[in-house]
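Quick notes on the structure that follows.
Labels below follow one simple rule: chain letters A, B, ... track the order of the sequence lines, proteins then strands, and each chain is numbered from 1.
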Number of protein chains: 4
Amino acid sequence: MGETQKRAAILAAASRLFAEKGYGNTPTSEIAREAGVAEGTLYHHFGSKDGIFLTIFDETADGYVAGAESLVREGRPGADTLRDFIGFHFDYLGRHATQFLIILRDFPERISGEKTGPAAFRRKKFSRLTSLLSEILDRGAADGTLRLRHPARDTAEMLRGILYGTTRHKMLGIIDVPLPRLATMITDFCGQALSPTPETCGKRPGGGRR
Amino acid sequence: MGETQKRAAILAAASRLFAEKGYGNTPTSEIAREAGVAEGTLYHHFGSKDGIFLTIFDETADGYVAGAESLVREGRPGADTLRDFIGFHFDYLGRHATQFLIILRDFPERISGEKTGPAAFRRKKFSRLTSLLSEILDRGAADGTLRLRHPARDTAEMLRGILYGTTRHKMLGIIDVPLPRLATMITDFCGQALSPTPETCGKRPGGGRR
Amino acid sequence: MGETQKRAAILAAASRLFAEKGYGNTPTSEIAREAGVAEGTLYHHFGSKDGIFLTIFDETADGYVAGAESLVREGRPGADTLRDFIGFHFDYLGRHATQFLIILRDFPERISGEKTGPAAFRRKKFSRLTSLLSEILDRGAADGTLRLRHPARDTAEMLRGILYGTTRHKMLGIIDVPLPRLATMITDFCGQALSPTPETCGKRPGGGRR
Amino acid sequence: MGETQKRAAILAAASRLFAEKGYGNTPTSEIAREAGVAEGTLYHHFGSKDGIFLTIFDETADGYVAGAESLVREGRPGADTLRDFIGFHFDYLGRHATQFLIILRDFPERISGEKTGPAAFRRKKFSRLTSLLSEILDRGAADGTLRLRHPARDTAEMLRGILYGTTRHKMLGIIDVPLPRLATMITDFCGQALSPTPETCGKRPGGGRR
DNA sequence: AATGAATGAGAATTCATTCAT
DNA sequence: GATGAATGAATTCTCATTCAT
């Protein structure tokens, strides 16, 4: 435990500062000071300033993608899964607000670039989301709970953009709506937009779990 | 003309470089070299590196906001105006792709911060969008062409986030769909989501101009 | 003149310090202080610490190789040219003692490495010496003024090593003999070793210019 | 044995790395990693990074000087002893190539400096070579097997420089000639240069051992 | 003897900005 | 208006060494 103490302090300090001022405006000297360690200790544990960012990124992104994956694997109907997905997204966002803010601020700046290597590997984590959304839409089209007016893949890309944009604006304070209500609003919005039958406009068919 | 020539060369070089590498990764020395002027000349014309960014920002943002304003002022029905708004957004985006990329990359990094002063002034330019969207939604609710399930202001904030996110992902290559089709998809998506009557689900009422 | 002043001061300070303490033990901060300029000025003029070294290297090496080349191009008999070569070497050394010391200390550390690029380009400057020596030996073998017991190329490599080693030890104070006498000693030594006829051992045939 | 094992592993790793990348470019962390020990262990055994270098230096230099000393003590004629000396030098070099490379790269950087203390003590080890060569030359002048055209001490210094330079260029790949042939070439070269009688130019007097 | 986390004093380099010409 | 040499504060990163366990 003692050996992990400083490492954790560094991550905590870096998370706070990155979220507050942005990656580029946070000197390593300040991270060290806030964490109460020597500057060298940062490099002992993370190798570079980028290494700190990527550790935060990985921990947050891995949990997020894993949660989304398991949710899709449950095999519930398309519309329900989509609703669950959006719910999960904003729930996870609420529980990892600081880290999300960091990633939203500095991704893809920190992650873009080379076509291969660790950066590309990390980009793929999020591109997994498009695949998952695409799968959900396909499922919904097949089981009749969703109606697609455009190819599933394209719609999935659009949905990912929608989630990204509303999330970012929420985290940056451009959207004032409280998180739970925002989640509901977007769930409703997407539900309406992809609703399969005129009759069910505005109503949810069957009893969704959530 | 000679004096304006260099100014224009600087803006052109800076636009290209900011879009390509980001504001933070573009040294003023490189802007000067690419523009074929001395570094000091940058400061004669723009006062600071930030001044260059803000000039680009202002020119793009002002045109955008002005276009949106005039569009709303036309006074057409809510649903039509919303459709026009989205169409205008992606149209303008296509015509100012480089500048949008710059703003997407470095806003709000460059613009955030102080509660007052020039930064706050610039933030307000975009917050005007929320007001315009809100006005459109109110009008649509009043004239019966849109159906709101949540307060207009909140929905407007959400819509602005949706436009932001899809735009950003398109500009960064995360969305592959061609720009005109993306515009159509989002128009459809929002149209469905805010459609006033069950019967018209999936159909567009009346003949929109676009 | 005024614009070159600081550049020259930097080269002078760097030369002195590199010779005195070695490249690796000379911080750029000290070069700047000794030259009476800001540290940034070093980078304005030379781009990097290595750039300073390479500037010194190039100026010295180019003059040296050019002098050697022109000497060989005079077309005098092999033995005379070899004598001239050695004489020129130690003469040039005496006139550029500081720079030679630097190169001797930190070449090939600074210059070795990549197979191509600027480093390889610089290594080739000195490898030209082997070619020149080889040419001299061939000429001497052809005109009968030198007697080779081994291939000219191999002997040339050896001679270059001999010059290098004695030069280095002289510059580092391991050899105490004054420079002009050292030059004579080595001229005699090589002359004897490559002397073509038993009768002339210890005597020089004809009247060499030098 | 277990305690000696790690010590040996450290020396082996350090030798390889120093030879490959140079002392200054080899972090202690890498030595530890390559040796499979903790970084602290280096300091238990050698006290400092310099201590590792000096241990390698001492072991190599001591063996070399001892070999040279015993060779001179055999009391053979001057010319034969000189021939033996050169032969021994390149033989020893071949058997300790890695260590020689290290010393060639980083001596006198590591060893120069103070006039007294351990550094000076180590420098003296090699200055012993000059004395030995001087003794050989004196002996050859006395027994008529060598002919000196300059003071023995000065010639000895020159010879040491010759051996150093050819050795260094061989180790750095500047000389391509295989080691045994290089030894023969230098033996011949020096033999000719110091040959006592005109008649024997080009021939070796008597039967040298080697 | 062995470990390896922690240190902190440097080191090279970057770059927006200034100002004398 | 235009120049570009000069600046120096700030920043990331290196690494030999220490010390509690």
Side-chain angles (χ1 to χ4, degrees), chain A residues 2-7 9-10 24-32 35-52, chain B residues 2-7 10 23-33 36-52, chain C residues 2-7 9-10 24-32 35-52, chain D residues 2-7 10 23-33 36-52:
Chain A
E3 59 186 71
T4 312
Q5 221 160 250
K6 300 221 165 181
R7 198 190 130 97
I10 291 165
N25 300 320
T26 305
T28 52
S29 58
E30 194 170 351
I31 300 172
V37 303
E39 211 170 340
T41 309
L42 267 55
Y43 291 86
H44 180 65
H45 284 293
F46 302 100
S48 68
K49 189 185 174 187
D50 251 70
I52 300 174
Chain B
E3 62 187 70
T4 306
Q5 221 160 249
K6 300 217 166 186
R7 196 189 131 96
I10 291 166
Y23 179 90
N25 300 319
T26 304
T28 52
S29 58
E30 195 171 350
I31 299 173
R33 179 160 25 87
V37 303
E39 217 168 336
T41 309
L42 266 54
Y43 289 83
H44 269 288
H45 285 292
F46 301 100
S48 69
K49 189 186 174 188
D50 253 70
I52 300 173
Chain C
E3 60 186 70
T4 312
Q5 221 159 251
K6 301 221 166 185
R7 198 190 129 98
I10 291 166
N25 300 318
T26 305
T28 52
S29 59
E30 194 171 351
I31 299 173
V37 303
E39 211 169 338
T41 309
L42 267 54
Y43 291 85
H44 179 65
H45 284 294
F46 301 100
S48 69
K49 189 186 174 188
D50 251 69
I52 300 175
Chain D
E3 63 186 70
T4 305
Q5 223 160 246
K6 299 217 166 182
R7 198 189 128 97
I10 292 167
Y23 179 90
N25 300 320
T26 304
T28 51
S29 59
E30 197 172 349
I31 299 173
R33 179 159 26 86
V37 304
E39 217 168 337
T41 309
L42 267 52
Y43 289 83
H44 268 288
H45 284 293
F46 301 100
S48 70
K49 188 187 176 189
D50 253 69
I52 300 174

Could you state the CZ-C1' distance from B:F46 to F:dA2, rounded to the nearest angstrom?
14 Å

Separation of atom CD in C:Q5 from atom C1' in E:dA20, rounded to whole Å:
14 Å

For the side chain of A:P27, counting heavy atoms from C-beta on, which of E:dA12, F:dC15, F:dT11 is nearest?
F:dT11

Reading DNA chain F from 5' onward, which residue's closest nucleotide shows up sooner: A:S29 or B:A38?
B:A38

Please tell me which of the listed nucleotides, F:dT14, E:dT17, F:dT3, lies nearest to the side chain of A:Y43?
F:dT14

Applying the 3.5 Å cut-off to both distances, the Watson-Crick or G-U partner of F:dA10 turns out to be E:dT13

Send over the distance from C:L42 CG to E:dT14 C1', rounded to a whole Å.
14 Å

Provide, to the nearest angstrom, the distance between the CD atom belonging to D:E39 and the C1' atom belonging to E:dA2.
13 Å

If you take all heavy atoms of A:A9 and A:A35, which pair is closest and at what distance?
O-CB, 3.6 Å

D:D50 atom CG is separated from F:dC15 atom P, nearest whole Å, by 15 Å

On a heavy-atom basis, which atom in C:K6 and which in C:G36 lie closest, and how many Å separate them?
NZ-O, 4.5 Å

Can you list everything that forms a ring pair (Phe, Tyr, Trp, His ring centres under 6.0 Å) with D:Y43? Sequence neighbours excluded, please.
none

Can you check whether B:T28 has a side-chain N or O nearer than 4.0 Å to OP1 or OP2 of E:dA16?
yes

Considering all heavy atoms of both residues, which atom of B:E39 and which atom of B:S29 are nearest to each other, and what is their separation?
OE2-N, 3.4 Å

Write down the partner of F:dG4 under the Watson-Crick or G-U wobble criteria, each distance required to be under 3.5 Å.
E:dC19

Between F:dA2 and B:H44, counting only base atoms on the nucleotide and side-chain atoms on the residue, is there a donor-acceptor pair under 3.5 Å?
yes

Identify, between D:G24 and A:N25, the residue whose nearest nucleotide on DNA chain F lies closer to the 5' end.
A:N25

Where the side chain of D:K49 is defined as all heavy atoms beyond and including C-beta, which of F:dA2, F:dA16, F:dT7 is the nearest nucleotide?
F:dA16

Note: for A:V37 and B:G40 on DNA chain E, the residue whose nearest nucleotide lies more 5' is A:V37

Could you check how far NZ of A:K6 sits from C1' of E:dG8, rounded to whole Å?
13 Å

When rounded to whole Å, the CD1 to C1' distance for the pair A:I52 and F:dT11 reads 13 Å

Rounded to the nearest angstrom, tell me the gap between atom CD1 in C:I31 and atom P in E:dA11.
11 Å

What distance separates B:I52 CD1 from B:K49 NZ, expressed to the nearest 0.5 Å?
8.5 Å

